[in-house]
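When a residue number appears, it is its place in the shown sequence, counting from 1.
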Amino acid sequence: MDKKPYNPGAPRPINNGPRPQQSGRRDPRQQKQAPNNINEHIRAREVRLVGDNVTPGIYTIQQARGIADELDLDLVEISPNAEPPVCKILDYQKYLYQQKKKAKEIKAKAAKVVVKEIRFGPQTDDHDYNFKLKHAVGFLQEGSKVKAYVFFKGRSILFKEQGEVLLLRFANDLEDYGKVEQMPILEGKRMTIMISPKKK
């Protein structure tokens with residue numbers, strides 16, 4: 001069999017075969033990116049174990065890792081500053097996924113808050129009032145906040161008390177659908193009230 005000529009510039013073959021791992025342990029390269037210390041990255045000699053699947057108490061780090069191995073789960077340091085550090089045995093990848101999902105749901109709910117504006121004049125008639133009241137009910141039922149305001153043009157600012165009465169009546173008529181988040185407040189030529197939907 002002919003030998004291949006030696007080429008110092010040629011790349012060396014890399015062995016990408018699987019590394020032997022203990023049961024229940026994640027790849028150490030992935031662990032370094034984890035927000036918690038887990039498995040071999042926990043440096044304490046003793047830890048306090050908590051959780052549903054273990055007998056709570058203080059264990060040596062070797063004992064705690066052994067229990068995690070038997071359960072095919074991860075040893076996770078949840079309170080590193082405690083004495084001794086508090087650890088829990090769980091499926092860490094599943095735990096991270098649930099935390100990420102929960103944060104995403106909270107963010108989505110916060111992003112869905114919509115504010116709908118409804119404008120009145122200081123001397124709005126009953127027909128116009130009821131029309132806008134019906135719209136406000138629909139907005140609150142779909143989960144939007146309602147920002148109602150009376151706009152005072154020119155000398156109509158003299159009727160600001162009338163505008164306040166109108167907004168308080170509006171809030172009272174919506175009490176089955178929403179709650180007042182901000183009482184009527186005069187800002188420049190606008191008197192505004194904020195009503196948020198009631199939780200179902």
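The shortest non-hydrogen separation linking Leu166 to Gly121 is CD2-O, 3.7 Å. Closest approach of Ala44 to Pro85, counting heavy atoms only: CB-CG, 3.7 Å. Contact detail for Ala64 and Leu75: the closest heavy-atom pair is CB-CD2, 3.7 Å. Closest approach of Leu174 and Ala136 over heavy atoms only: CD1-CB, 3.9 Å. Contact record, Ala148 with Phe120: CB-CE1, 4.2 Å, taken as the closest heavy-atom pair. For Ile89 against Ala68, the heavy-atom pair with the smallest separation is CD1-N, 3.8 Å.
Distance check: Met183 CE to Glu164 CD gives 7.5 Å after rounding to the nearest 0.5 Å. Interatomic distance, CD of Gln93 versus CG of Leu90, reported as 11.0 Å (0.5 Å rounding). Note that CD of Glu181 and CD1 of Ile193 are 11.0 Å apart. Values are rounded to the nearest 0.5 Å. With values rounded to the nearest 0.5 angstrom, Leu49 atom CG is found 9.5 Å from Thr55 atom OG1. Between Glu105 atom CD and Lys100 atom NZ the span is 13.5 Å, to the nearest 0.5 Å. A distance of 8.0 Å separates CD1 in Ile118 from CG in Leu133, rounded to the nearest 0.5 Å.
At a threshold of 4.5 Å between side-chain heavy atoms, the hydrophobic network of Ile, Leu, Val, Met, Phe, Trp and Tyr places Met194 and Tyr149 in two separate groups. Hydrophobic cluster membership differs between Ile185 and Val146, with clusters built from Ile, Leu, Val, Met, Phe, Trp and Tyr side chains linked at under 4.5 angstrom. Transitive grouping of hydrophobic side chains (ILVMFWY, heavy atoms separated by less than 4.5 Å) keeps Ile58 and Ile61 in distinct clusters. Leu73 and Tyr97 end up in different hydrophobic clusters when Ile, Leu, Val, Met, Phe, Trp and Tyr side chains are linked at under 4.5 Å. Cluster membership for Val165 and Phe152, using ILVMFWY side-chain heavy atoms within less than 4.5 angstrom, is not shared.
Between the side chain of Lys132 and the main chain of Arg119, a donor-acceptor pair closer than 3.5 Å is present. Although no hydrogens or angles enter the test, the distance criterion places no donor-acceptor pair under 3.5 Å between the side chain of Asn36 and the main chain of Val76. In this structure a side-chain-to-backbone donor-acceptor pair under 3.5 Å is present from Lys198 to Glu175. With hydrogens and angles disregarded, no donor-acceptor distance shorter than 3.5 Å links the side chain of Asp74 to the backbone of Asp91.
Using cut-offs of 30° and 60° for the angle between ring planes, the His135 and Phe131 rings count as perpendicular.
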With side-chain contact (heavy atoms from CB on, under 4.5 Å) as the test, would you mind laying out the steps for Lys88 and Val54 before giving the verdict? CA-CA 9 Å; Lys88 203 168 186 177; Val54 297; over 6 Å; no
I would like to know whether Glu77 and Val47 meet side-chain contact (heavy atoms from CB on, under 4.5 Å); could you show each step before the answer? CA-CA 9 Å; Glu77 191 176 54; Val47 296; 5.7 Å; no
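Between the side chains of Asn39 and Tyr92, no donor-acceptor pair of N or O atoms lies under 3.5 Å.
The local environment of OH in Tyr177 is sparse, with at most 12 non-hydrogen atoms from other residues, nucleotides or ligands closer than 6.0 Å.
When each of Asn130, Asp125, Asp126 is tested with Asp128 by the rule side chain to side chain contact (heavy atoms under 4.5 Å, CB included), just one qualifies, namely Asp125.
Taking 4.0 Å as the cut-off between side-chain N and carboxylate O, Asp69 and Arg65 do not count as a salt-bridged pair.
Between Pro197 and Gln141, the closest side-chain pair of non-hydrogen atoms is not below 4.5 Å.
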